[in-house]
Visitor: 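Below you'll find the structure I mean.
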Amino acid sequence: DTAVSQTPKYLVTQMGNDKSIKCEQNLGHDTMYWYKQDSKKFLKIMFSYNNKELIINETVPNRFSPKSPDKAHLNLHINSLELGDSAVYFCASSSTSQSTDTQYFGPGTRLTVL
Amino acid sequence: SQQGEEDPQALSIQEGENATMNCSYKTSINNLQWYRQNSGRGLVHLILIRSNEREKHSGRLRVTLDTSKKSSSLLITASRAADTASYFCAWSNSGYALNFGKGTSLLVTP
């Protein structure tokens, strides 16, 4: 069974469109994250939710809106996509929000904005 | 910026050799972790070392931490082709979010 899954795996879309990426974890974890990995492989935290509440909200354009309908799901909606949004987006989860907890990553969603 | 540095950026060795990669960070930390990323995949946790520890072992992995120099190293002994991947250090100073280094790409050739 896949622990952290993301859909879609690949997403190619035009500038200006709105798109969503979905993430689900079946590990029973309380905390979920979204990371962005750029073309140079630099990985940066975007958001974190603990028990459906937003606890980390880094400097990210407000075109990005996370939503956690329940502890097992964290979706990322992006409005008015721009070329610079092209990246690989990773979802992750951990047992609690403490940084000492191992984070389990999904396989990533490669977003290409044309 | 919370971004750290990893050195080298890329490393190519032969099977059986040891691989050492270094990580430097800029802030005080409460723990430092190492993750591996195979091509096209998500990151996988390897090992965590707390700020009051100096060295930790896990199988063929050895991690050291020098908080006075704000640096850590990851040693993979007796490397295998399957160790080919990118390796990232990650640290936390807040107790919550992880900050990742730029990564070292390791290529192990048979």
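As the structure is a computational prediction, the values presented were derived from the model and not from experiment. Sequence lines set the chain letters: A, B, ... in the order given, protein chains first and strands last, and positions in each chain run from 1.
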Visitor: Between B:Tyr25 and B:Ser71, what is the shortest heavy-atom contact and its length?
Guide: CE2-N, 3.5 Å
Visitor: Select one option (side chain, backbone, both, neither) describing which atoms of A:Gln37 are under 4.5 Å from chain B's heavy atoms.
Guide: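 Interface part for A:Gln37: side chain.
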Visitor: Is a donor on one side and an acceptor on the other found under 3.5 Å between the side chain of B:Asn38 and the backbone of B:Arg41?
Guide: no
Visitor: Checking heavy atoms, do the side chain of B:Leu43, its backbone, both or neither come under 4.5 Å from chain A?
Guide: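 B:Leu43 touches chain A through backbone and side-chain heavy atoms alike.
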Visitor: Answer yes if the ring centres of A:Phe105 and A:Tyr35 are under 6.0 angstrom apart, and no otherwise.
Guide: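 A:Phe105 vs A:Tyr35: aromatic centres under 6.0 Å.
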Visitor: Is A:Asp70 salt-bridged to A:Lys52, cutoff N-O under 4.0 Å?
Guide: no
Visitor: So B:Leu46 and B:Ser58, do their side chains get closer than 4.5 Å, heavy atoms only?
Guide: no
Visitor: Does any heavy atom of chain B fall under 4.5 Å from the side chain of A:Lys44, the backbone, both, or neither of them?
Guide: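 When you check distances to chain B, no heavy atom of A:Lys44 falls under 4.5 Å.
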Visitor: Enumerate by number any residue of residues 106-114 of chain A whose heavy atoms lie under 4.5 Å from heavy atoms of chain B; in the absence of such residues, state 'none'.
Guide: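 Hits under 4.5 Å: A:Gly106, A:Pro107.
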Visitor: Are more than 12 heavy atoms from other residues, nucleotides or ligands located less than 6.0 Å from atom NZ of A:Lys67?
Guide: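 For A:Lys67, atom NZ is not crowded (no more than 12 foreign heavy atoms under 6.0 Å).
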Visitor: Only one of B:Arg36, B:Arg60, B:Glu15 forms a side chain to side chain contact (heavy atoms under 4.5 Å, CB included) with B:Asp83, so which one is it?
Guide: B:Arg60
Visitor: Between A:Ser48 and chain B, which part of the residue has a heavy atom less than 4.5 Å away: side chain, backbone, both or neither?
Guide: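 For A:Ser48, there is no contact with chain B at all, as no heavy atom is under 4.5 Å.
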Visitor: Can you name the closest pair of heavy atoms from A:Val4 and A:Ser93 and give their distance?
Guide: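 Heavy atoms only, the tightest pair is CG2-OG, 3.8 Å.
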Visitor: For A:Asn50, is it the side chain, the backbone, both or neither that has a heavy atom under 4.5 Å from a heavy atom of chain B?
Guide: neither
Visitor: Which atom names give the shortest non-hydrogen contact between B:Leu98 and B:Gln33, and what distance separates them?
Guide: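 The pair with the smallest heavy-atom distance is CD2-NE2, 3.7 Å.
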Visitor: Given a strict heavy-atom distance threshold of 4.5 Å, which part of B:Gln37 is in contact with chain A: side chain, backbone, both, or neither?
Guide: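 Contact with chain A involves the side chain of B:Gln37 alone.
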